[in-house]
Student: 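Below you'll find the structure I mean.
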Amino acid sequence: MTADLRRAGAEPGNGDGDTGVHPASPPSSRPAGPARRPRRSRLRRWLRRAALGCAVVLVVVTAASFVYNAATAGRAAPPRGLKYVQAADVRTRYRTWGTAGPPVVLVHGAFESVDTWSRLAPLLARDHRVYALDLTGDGYSERHGPYTVDHFTRQLLGFLDAMHLGGPGEHPLLVGHSSGAAVVTEAALRAPGRLGGVMLLDGDALDTGAGPPPALKYVLFDPYRTSLLRLGLGIDAVIRGIYDAQCGPACPRLDAAGLDQWRRPLRVPGAESALWSMLAAGVPGLPADRVARLAGVRLPKSVVFGAEDDVFTRRTPQETARRIGAPPPTLIPGARHLTMISSPQAVARAVDRLTAASVAATR
């Protein structure tokens, strides 16, 4: 029993007076490494999987884009029966209406064509000989850069030569729509003696730097931009949406022929590369001091805008008229940016008034 008691007393104290009771150890202040390492490992695994997933998606989308572009590589043919003439260095598509009266030359804006004038030109043809051309880069004229105001103006003046306009008794009125306003302004500055008058229609002729954001070129590059363009052109609702926004409720709804009118010029050979070049350059225009020189040119001038044109500010029509030395602008109620489509009668009346001013100036 004594031995048992001795063993019982020795075991708790380990034989050195230790009672076996120990204070609690203080908690460690160091981070729990094993707990943090698994969290970091899980994050790294998630990031690797996300990066791998993005890479797979990019490869799939790129491959699909190349396949789609190859499958849609066939280009559309221009409509049959078009008329062409050599204007400066550009084989130029054009149309004419009317056989008598003072000549009027219609110059379209960006991404438009001769066909944009199809509602206005027959009205003008009652009292005028009407001419319209496709500027290079748009419509069905030869794609021949650079797509600048200088080059467009040389084409326009070459077109006047080809049509035998600009001589005695053959001084045409120039009507420039949207960015075409810059082209007719520059033509008037270069050859005022060949013209009968100038109308800026839904355009201020200024180089405002308008166009796609510069950063877009880092996103829209091939093969993706080609795929997006062709997909968008193939969707009727996209074309109708852009047209409706620019033209407004007074414009006729686009039927199959109307859709083709806007779609086909962007599907002919050379159209896509020209489009990218024009987008990179931005909307063509002239410096404000260059436009202001038109005020010193003795020509009848007119400024006509849709009253609801949201491409420009409310002040633009008045500012433009003052800048070029024109009478107060004509504002067409309810019209937006495509007044020659939405309000052809009102535009025709404005052309008639400019014609009358031109005739009076020559007496």
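The model shown is predicted, which means the values in this text are computed figures rather than measured ones.
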Student: With rounding to the nearest 0.5 angstrom, report the CZ to CG distance, R267 to L233.
Tutor: 5.5 Å
Student: Of all the heavy-atom pairs spanning P284 and V149, show the shortest one and how long it is.
Tutor: CB-CG2, 3.7 Å
Student: Could you see if Y147 belongs to whatever hydrophobic cluster contains V90? Use Ile, Leu, Val, Met, Phe, Trp, Tyr and a side-chain cutoff under 4.5 Å.
Tutor: no
Student: If every non-hydrogen atom of L120 is compared with every non-hydrogen atom of A348, which pair is closest and at what distance?
Tutor: CD1-N, 3.7 Å
Student: Quick one, T208 and V283 - any side-chain contact, counting heavy atoms below 4.5 Å?
Tutor: no
Student: Any salt bridge between R290 and E186, counting N to O under 4.0 Å?
Tutor: yes
Student: Quick one: do R336 and D202 make a salt bridge, cutoff under 4.0 Å?
Tutor: no
Student: Are P78 and R93 close enough that some pair of their side-chain heavy atoms sits under 4.5 Å apart?
Tutor: no
Student: Could you walk me through whether R143 and S277 satisfy the side-chain contact (heavy atoms from CB on, under 4.5 Å) test, starting with their C-alpha distance in whole Å, then the side-chain angles of each, then the deciding distance to 0.1 Å, before giving a yes or no?
Tutor: CA-CA 11 Å; R143 263 67 178 179; S277 296; over 6 Å; no
Student: Which heavy atom in D204 sits nearest to a heavy atom in V291, and how many Å separate them?
Tutor: O-CG1, 4.2 Å
Student: Shortest non-hydrogen contact from G139 to S113?
Tutor: CA-CB, 3.8 Å
Student: Do the non-hydrogen side-chain atoms of L259 and Y243 ever get within less than 4.5 Å of each other?
Tutor: no
Student: Can you tell me how far OG of S343 sits from CZ of R349, rounded to the nearest 0.5 angstrom?
Tutor: 9.0 Å
Student: Filter on ring pair (Phe, Tyr, Trp, His ring centres under 6.0 Å), then keep only pairs touching residues 151-207, sequence neighbours left out; what's left?
Tutor: Y94-F159, H144-H151, H177-H337
Student: Using 4.0 Å as the upper bound for N to carboxylate O, is an ion pair formed by D260 and R264?
Tutor: yes
Student: Does the side chain of V175 reach to within under 4.5 Å of the side chain of W117, using non-hydrogen atoms?
Tutor: yes
Student: Grab the two heavy atoms, one from P103 and one from L165, that are nearest each other, plus how far apart they are.
Tutor: CB-CD2, 3.9 Å
Student: Under the side-chain contact (heavy atoms from CB on, under 4.5 Å) rule, what do F305 and L200 come out as? Steps first, then yes or no, please.
Tutor: CA-CA 8 Å; F305 271 80; L200 275 54; 5.8 Å; no
Student: Might you point out which heavy atoms bring A271 and P265 nearest each other, and give the distance in Å?
Tutor: CB-O, 3.3 Å
Student: Looking at residues at least two apart in the chain, or sitting in another chain, which of them share a salt bridge (Lys or Arg N to Asp or Glu O under 4.0 Å) with R323?
Tutor: none
Student: Salt bridge between R154 and D150, side-chain N to carboxylate O under 4.0 Å?
Tutor: yes
Student: Closer than 3.5 angstrom, by distance alone: can the side chain of S342 be matched with the main-chain N or O of A250 as a donor-acceptor pair?
Tutor: no
Student: Are M163 and L160 connected in the hydrophobic side-chain network, where two residues link if heavy atoms are under 4.5 Å apart?
Tutor: yes
Student: Tell me whether M340 shares a hydrophobic cluster with L133, the cluster being built from Ile, Leu, Val, Met, Phe, Trp, Tyr side chains joined at under 4.5 Å.
Tutor: no
Student: Less than 4.0 Å between a side-chain N and a carboxylate O, is that true for D352 and R126?
Tutor: no
Student: Dump the intermediate steps for side-chain contact (heavy atoms from CB on, under 4.5 Å) on L174 and L156, then the final yes or no.
Tutor: CA-CA 10 Å; L174 299 185; L156 173 57; 4.1 Å; yes
Student: How long is the span from the CG atom in D255 to the CD atom in Q261, to the nearest 0.5 Å?
Tutor: 9.5 Å
Student: Scan side-chain atoms only and decide if S178 and E112 contain a donor-acceptor pair under the 3.5 Å cut-off.
Tutor: no
Student: Can you check side-chain contact (heavy atoms from CB on, under 4.5 Å) on L135 and H108, steps first, answer last?
Tutor: CA-CA 8 Å; L135 295 177; H108 64 77; 3.7 Å; yes
Student: Does the side chain of E272 come within less than 4.5 Å of T226's, by heavy atoms?
Tutor: yes
Student: In this structure, would V304 and L354 fall into the same cluster of hydrophobic residues linked by side-chain contacts under 4.5 Å?
Tutor: yes
Student: Calculate, to the nearest 0.5 Å, the distance between atoms CG and CG belonging to L279 and L275 respectively.
Tutor: 4.5 Å
Student: Please examine the side chains of S227 and T72, heavy atoms only from C-beta on, and report whether any two atoms are closer than 4.5 Å.
Tutor: no
Student: With distance as the sole criterion, is a donor-acceptor pair present between the side chains of T313 and T316 under 3.5 Å?
Tutor: yes
Student: Donor-acceptor check, side chain of R95 to backbone of A132, threshold 3.5 angstrom: yes or no?
Tutor: no
Student: Could you tell me whether the side chain of P329 reaches within less than 4.5 Å of the side chain of Q318, counting heavy atoms only?
Tutor: yes
Student: Is there a donor-acceptor pair under 3.5 Å between the side chain of Q86 and the backbone N or O of A88?
Tutor: yes
Student: Taking C-beta and beyond as the side chain, do R263 and D236 meet within less than 4.5 Å on heavy atoms?
Tutor: yes
Student: Say you draw a straight line from CG of L189 to OG1 of T153; how long is it, rounded to the nearest 0.5 Å?
Tutor: 9.0 Å
Student: So, taking the atom named CG in D134 and the one named OG1 in T92, what distance separates them when rounded to the nearest 0.5 Å?
Tutor: 8.5 Å
Student: Tell me whether Y84 shares a hydrophobic cluster with V268, the cluster being built from Ile, Leu, Val, Met, Phe, Trp, Tyr side chains joined at under 4.5 Å.
Tutor: yes
